Amino acid sequence: MNKKYAYLFADGQAEGTGKMKDLLGGKGAGLAEMTNAGLPVPPGFTITTEACTAYYAAEEKFPEGMLDEARAALARVEQATGKMFGGAENPLLVSVRSGAKFSMPGMMDTVLNLGLNDETREALARLTGNEPFSYDAYRRFIQLFGKIVLGIDSEKFDHKFDEHKKRLGVTEDTQVGAEDLSLLIQDYKAIVKKATGKDFPTDPRKQLELAIKAVFASWNGRRARDYRRIHKISDSLGTAVNVQAME
């Protein structure tokens, strides 16, 4: 029998339970428990710790069927929210968070507002009626994704933002308007291209795939390994990945 790698929580029902910390990690088990208890939890799904250990056993390749399960769960999240991942009208944005069996505060990685690109940024501007906010969310996402997923030094983005503020004669981030934020985003994309040799990934599904890999990778990051050694936590447990609608 094939293993199940993605556990949905949506519409007041979760496929997992609070007793499944080994499989869903502490955070995923908690989300399942709260969903089943009827609490207002934004919908999402948890990719299991077994997927993480299988990923490393296969020399950093996703286990067969995992991505298909994740895509099916994501479609259910779209139904639950009435939003579409990558949609140009009412886009679904998600967070991607780690979640091991034992809490490891600050040791592993999180990506927020995943799903933003040029089209979904425009939709966010229309939905909020706030163009500067949409640009600021997008530039923050590029920086966070660049740092966590692509391994780019965050200071490169900070320095570029400082250059723009200096040119404009302002000191606060909030003093930078939509037009200049738009130019800043192009500069951020250029930083990504220079650092990686590739364009910033604008396909939300590709963003999600890369973010899941980044969370798996953070399990074996130096900080996480050192933390586990100090706290006597086994390296073999792996981390779950929680993908949840942003609200």
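In this chain, numbering begins with 1 at the start of the sequence shown. Since the model is a prediction, treat every value here as computed from it, not as a measurement.
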Query raised in the report: Counting N and O atoms only, with roles assigned by atom type, does the side chain of Q13 sit under 3.5 Å from a partner on the main chain of N36, one being a donor and the other an acceptor?
Result: no
Report summary line: When rounded to the nearest 0.5 Å, the distance separating CD1 of I142 from CG of L144 is 11.0 Å
**Report entry** Side chain to side chain, P204 and E119, heavy atoms closer than 4.5 Å
**Finding:** no
Report task. Find out whether M66 and I47 are in side-chain contact, i.e. whether some heavy atom of one side chain is under 4.5 Å from a heavy atom of the other. Result -> yes
Query raised in the report: Can you find a pair of side-chain heavy atoms, one from L114 and one from L93, that are under 4.5 Å apart?
Result: no
Query raised in the report: Under 4.5 Å between any side-chain heavy atoms of Q207 and V96, yes or no?
Result: no
**Report entry** Stepwise salt bridge (Lys or Arg N to Asp or Glu O under 4.0 Å) test for D180 and R167
**Finding:** CA-CA 10 Å; D180 288 293; R167 176 178 57 81; 3.0 Å; yes
Query raised in the report: Would V149 and V241 show up in the same hydrophobic cluster when neighbours are defined by side-chain heavy atoms closer than 4.5 Å?
Result: yes
Report task. Would you please indicate yes or no on a ring centroid separation below 6.0 angstrom for F45 and Y7? Result -> no
Query - Heavy-atom pair of closest approach, residues F9 and L31 - result: CZ-CD1, 3.7 Å
Query raised in the report: What's the verdict on side-chain hydrogen bond (donor to acceptor under 3.5 Å, both in side chains) for D118 and Y138, showing C-alpha distance, side-chain angles and the deciding distance?
Result: CA-CA 8 Å; D118 293 340; Y138 191 18; 3.2 Å; yes
Query raised in the report: With sequence neighbours excluded, what pairs up with R140 under the salt bridge (charged side-chain N to carboxylate O under 4.0 Å, His left out) test?
Result: D136
Query raised in the report: Do the non-hydrogen side-chain atoms of K83 and P91 ever get within less than 4.5 Å of each other?
Result: no
Query raised in the report: Taking everything shown except M84 itself, do over 12 heavy atoms lie less than 6.0 Å from its CE?
Result: no
Report summary line: In this structure, NZ of K3 is separated from CG of L23 (nearest 0.5 Å) by 8.5 Å
**Report entry** Six-ring centre of F62, K213 cation under 6.0 angstrom, axis tolerance 45°
**Finding:** yes
Query raised in the report: Counting only heavy atoms not in K147, do more than 12 sit closer than 6.0 Å to its NZ atom?
Result: no
**Report entry** Minimal non-hydrogen separation, F157 against V192, with atom names
**Finding:** CZ-CG2, 4.2 Å
Query - K156 NZ: over 12 foreign heavy atoms closer than 6.0 Å - result: no
Query raised in the report: Counting only heavy atoms not in Q175, do more than 12 fall under 6.0 Å of its CD?
Result: yes
Query raised in the report: If you round to the nearest 0.5 Å, how far is OH of Y5 from CD of E64?
Result: 9.0 Å
Query raised in the report: Taking the six-membered ring where the residue is Trp, are the ring centres of F145 and F200 under 6.0 Å apart?
Result: yes
